[in-house]
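Each remark here refers to the structure printed beneath this line.
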Amino acid sequence: MRIGELSRRTGVSPRSLRYYEEQGLLASTRTAGGHREYGPLAVERVDRIQCLFAAGLCSATIHELLPCIYAQERGDPAPDLLDNLREERTRIAASVERLERSLAALDAVIDNAHPSPAIAHAGAERG
DNA sequence: CTTCTAACA
DNA sequence: TGTTAGCA
């Protein structure tokens, strides 16, 4: 598929997809006309990249990590990278705990709220 | 119309 | 990252 389709299927802008390639995160072949061509696996790969970016990892770390995730690209984490990943893990774990606190706060409000009109209506129709 | 590269009111 | 320019 070309960049437009990959963009639609991942929700990532073509601009960002080209940026990922520039950072060595996403590979592509070229058509005779010089347009980027991606295989079907590119979709999940981009999702993974997005996920890691969202977790706060920088492109450089992601660049080294991806080959280890997709073993086909050959790679076991270098000692240096491993230390880096442990630090990131600690940071992400702390971030998750904070998110869970927010989740709990929202759940408390949601669970105590009155039934919504839509649900009440459905209940009325049901009987 | 879509993509490409390079560069910035 | 968006966006724009000028091509292919």
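Chain letters run A, B, ... following the sequence lines, proteins first and then strands; every chain starts at 1.
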| request: Nearest whole angstrom, please: distance from the P of B:dT3 to the CD of A:Glu37. | output: 11 Å
| request: Would you classify A:Gly33 as touching base, sugar-phosphate or nothing, given that sugar-phosphate means primed atoms plus P, OP1 and OP2, and contacts are heavy atoms under 4.0 Å? | output: nothing
| Mapping A:Phe53 and A:His35 to their closest nucleotides on DNA chain C, which lands nearer the 5' end? | A:Phe53
| said: How many whole angstroms separate atom CD1 of A:Ile3 from atom C1' of B:dC1? | reply: 15 Å
| request: Using the test side-chain contact (heavy atoms from CB on, under 4.5 Å), find all partners of A:Leu82 that sit at least two apart in sequence or belong to another chain. | output: A:Pro77, A:Arg86
| query | Do you see a donor-acceptor pair shorter than 3.5 Å between the side chains of A:Gln50 and A:Thr10? | reply | no
| field | Gap between atoms CG and P, on A:Leu6 and B:dC4 respectively (whole Å) | value | 11 Å
| request: Could you check how far CD of A:Gln50 sits from P of C:dT1, rounded to whole Å? | output: 7 Å
Check: residues 58-66 of chain A side-chain donor-acceptor pairs under 3.5 Å, at least two apart:
from: A:Ser59; atom 1: OG; to: A:Gln23; atom 2: OE1; distance (Å): 3.4
from: A:His63; atom 1: ND1; to: A:Gly24; atom 2: O; distance (Å): 3.0

| ring-ring contact (aromatic ring centres under 6.0 Å, His included) with A:Phe53: which residues, sequence neighbours excluded? | A:Tyr20
| query | Are A:Glu22 and A:Arg36 within salt-bridge range, i.e. N to O under 4.0 Å? | reply | no
| said: Tell me whether the side-chain N/O atoms of A:Arg36 come closer than 4.0 Å to OP1 or OP2 in B:dT3. | reply: no
| said: If the test is side chain to side chain donor-acceptor pair (under 3.5 Å), which one of A:Arg2, A:Arg8, A:Arg9 qualifies with A:Glu5? | reply: A:Arg9
| field | Heavy-atom neighbours of A:Arg98 CZ exceed 12 at 6.0 Å | value | no
| Those residues of residues 14-24 of chain A lying under 4.0 Å from DNA chain C by at least one heavy atom | A:Arg15, A:Ser16
| query | Just how far, in rounded Å, is P of B:dT2 from CZ of A:Arg30? | reply | 19 Å
| task | Please test A:Arg91 against A:Leu57 for side-chain contact (heavy atoms from CB on, under 4.5 Å), starting from the C-alpha separation and ending with a verdict. | result | CA-CA 10 Å; A:Arg91 180 181 58 68; A:Leu57 300 191; 3.7 Å; yes
| Taking only Watson-Crick and G-U wobble pairs with both distances under 3.5 Å, what dot-bracket line describes DNA chain B, where [ ] shows pairs that cross earlier ones and | shows pairs with another strand? | .|.|||||.
| said: Just to verify, what does A:Thr31 make a side-chain contact (heavy atoms from CB on, under 4.5 Å) with, not counting sequence neighbours? | reply: A:His35, A:Glu37
